[in-house]
Amino acid sequence: MGFRTDLAQEALVHTYGTNEPYGIQQTDSTAFGFAVHTVEVLTDDAAHQLGKPIGRYSTLQIDPLTRRESESFPRAVEALSVILTDCLPEIKSDSAILVIGLGNRAITPDAIGPLTVEHILVTRHLRQQMPEEFAAWRPVSAAAAGVLGQTGIESAEFTCGLCKTVQPAAIIVVDALAAGELSHLTRTIQVTNAGIVPGSGVGNARAAFNSDTFGVPVIAIGVPTVVDGSSILCDASKPDADTLPEPVFVTPREIDQRVRDTAKVIGYAINHTLQPQLTLEDLDLLLA
C-alpha cells in the first residue's frame, strides 16, 4: 500500500517535496490561457528515484474545460496541440502516424482511449486511393486495441501487428491514468515522449508502449480518471492507512461527461497537430 500516481508532476512532489533534485528540470508556462507544467527527467538516477523513464512530461491543466467556460474547447485543443507539436519528433509531413486508443470502452473511467479514436481523422486510405487530391494530407491510421480479456491479444502485440502493415514513423497512444490527488481527476492531460505502461496505475501493468518495443518514437497522452484509495489514505497520514480490505478506486460522479469531453479535445488536438492545414471548423465538418 502507498501513494500511486501516473502523473510525473505528482510523483515529483511526493518524492522530493519542494526540493529541486539533480537530473530533473521543471518549467511553468501557459498556452492559450491554460497552465502547463513540464517535468524533464534527464538522468538514469533521477528516473530511478522518480519511478518514471527519462523523458519529457507536460501536464496541461484543463479546469476551464471542466467548468465548461466559453470558448474553452477550442482553446484547450490549441493548447494541447502546441504541447503535442513540441513532443513529436521532426518527421516528414508525408510520414505515417498510428494512433492507438488503449482501455476498455465498456468501463467508463477506462474508455478515454477508445473514445478518442472515434474523433481521429483517418487519412491513410485516402492518400493511397487518391494520392493527388490528398498529397498535402499526412497518412494517419487509428485503432482501439481493446483489452486482453476481450480480445485474447495484448495491446502491444496488437499494435506490433499494425506496425508491420502501416510502418508508422511515430505512434501516439492514448490511455486513462491514475492520479494520486482527487483535484487532478479529469482536470489534467499529461503528454510524454517516454511512452506508457498500460494498466500500471491500477496495479495491472502490461507490456510497455515505448520506442524499445516498437522501434519508433511513442508519444503517450493520458488523462487521470481514478485515484487509488490507498493514495488518499496515505495522503491523509492516517495511522490505519494499510487496513483497506481490498483495492478501492475513486472516480468523479460526472465521469461519463468528463471522459467524453476530454476524449474529444484529445482527438481534435491530434488531428490539428497532424493536419495543420485544417481548422477546427474543418474538423467539425469532416468528423460529423
Side-chain angles (χ1 to χ4, degrees), residues 31-32 55-56 58 60 71 73-102 112-146 155-156 158-175 189 191-196 209-222 262-288:
F32 292 88
R56 179 177 184 175
S58 294
L60 177 69
E71 297 299 310
F73 175 78
R75 291 192 296 113
V77 170
E78 295 281 7
L80 184 56
S81 181
V82 168
I83 297 172
L84 275 172
T85 301
D86 288 341
C87 266
L88 274 172
E90 292 186 7
I91 51 180
K92 295 180 180 179
S93 60
D94 60 350
S95 297
I97 300 292
L98 176 61
V99 180
I100 296 292
L102 298 177
I112 195 80
L115 290 177
T116 295
V117 166
E118 295 181 5
H119 297 291
I120 298 299
L121 185 63
V122 292
T123 56
R124 176 175 175 266
H125 61 304
L126 299 175
R127 281 287 301 256
Q128 291 178 334
Q129 295 170 8
M130 294 177 283
E132 292 184 3
E133 291 85 344
F134 289 92
W137 297 52
R138 181 187 294 278
V140 176
S141 305
S155 297
F158 174 87
T159 304
C160 280
L162 290 180
C163 285
K164 292 178 181 178
T165 299
V166 175
Q167 297 184 337
I171 298 171
I172 299 175
V173 58
V174 184
D175 198 8
I189 301 175
V191 182
T192 176
N193 59 6
I196 192 172
F209 272 67
N210 55 31
S211 58
D212 291 338
T213 300
F214 301 110
V216 297
V218 176
I219 308 302
I221 306 173
T262 311
K264 186 175 180 180
V265 167
I266 296 172
Y268 271 57
I270 292 173
N271 294 327
H272 194 45
T273 303
L274 301 182
Q275 313 291 356
Q277 76 277 17
L278 300 179
T279 66
L280 297 191
E281 291 75 16
D282 292 334
L283 292 174
D284 280 334
L285 292 172
L286 292 168
L287 293 168

Quick one: which residue pairs count as a ring-ring contact (aromatic ring centres under 6.0 Å, His included) with a foot in residues 269-288, not counting sequence neighbours? none

To the nearest 0.5 Å, what is the distance between [atom1] on [X] and [atom2] on [Y]?
X      : Y      : atom1 : atom2 : result
Ser141 : Ile97  : OG    : CD1   : 10.0 Å
Leu278 : Trp137 : CG    : CH2   : 4.5 Å
Cys87  : Asn193 : SG    : CG    : 5.0 Å
Phe134 : Gln128 : CZ    : CD    : 12.5 Å
Thr116 : Asp175 : OG1   : CG    : 10.0 Å

I'd like to check the side-chain contact (heavy atoms from CB on, under 4.5 Å) partners of [X]; sequence neighbours left out, ordered by chain and number.
X      : answer
Thr262 : Ile62, Ile112, Ile189, Val223, Ile266
Ala144 : Pro114
Ala269 : Val77, Leu80, Leu84
Glu118 : Arg105, Leu115

Partner residues of Ser58 under the side-chain hydrogen bond (donor to acceptor under 3.5 Å, both in side chains) criterion, sequence neighbours left out: Thr38

Can a donor-acceptor pair be found, under 3.5 Å and without considering hydrogens, that links the side chain of [X] to the backbone of [Y]?
X      : Y      : value
Thr123 : Val140 : yes
Ser95  : Ile91  : no
Asn210 : Ala194 : no
Arg56  : Thr192 : no

Contact list for residues 79-91, test side chain to side chain donor-acceptor pair (under 3.5 Å), sequence neighbours left out: Ser81-Thr273

Throw together a table of side-chain donor-acceptor distances under 3.5 angstrom for residues 163-174, partners on residues two or more places apart or in other chains.
none

Tell me the salt bridge (Lys or Arg N to Asp or Glu O under 4.0 Å) pairs involving residues 120-141, sequence neighbours left out? none

Write out all pairs satisfying salt bridge (Lys or Arg N to Asp or Glu O under 4.0 Å) with one or both partners inside residues 269-288, taking only residues at least two apart or from two chains. none

If you take all heavy atoms of [X] and [Y], which pair is closest and at what distance?
X      : Y      : value
Gly101 : Val117 : N-CG2, 3.5 Å
Ala145 : Ile100 : CB-CG2, 4.2 Å
Ala220 : Ile196 : CB-CB, 3.9 Å
Phe32  : Arg75  : O-NH1, 2.8 Å

Run the ring-ring contact (aromatic ring centres under 6.0 Å, His included) test against Phe214 and tell me which residues pass, sequence neighbours left out. Phe209

Output all residues satisfying ring-ring contact (aromatic ring centres under 6.0 Å, His included) with Phe158, sequence neighbours left out; order by chain, then residue number. none

Do Pro217 and Ser211 touch side chain to side chain, with heavy atoms closer than 4.5 Å? no

Test log, rule side chain to side chain contact (heavy atoms under 4.5 Å, CB included), inputs Asn271 and Leu280: CA-CA 9 Å; Asn271 294 327; Leu280 297 191; over 6 Å; no

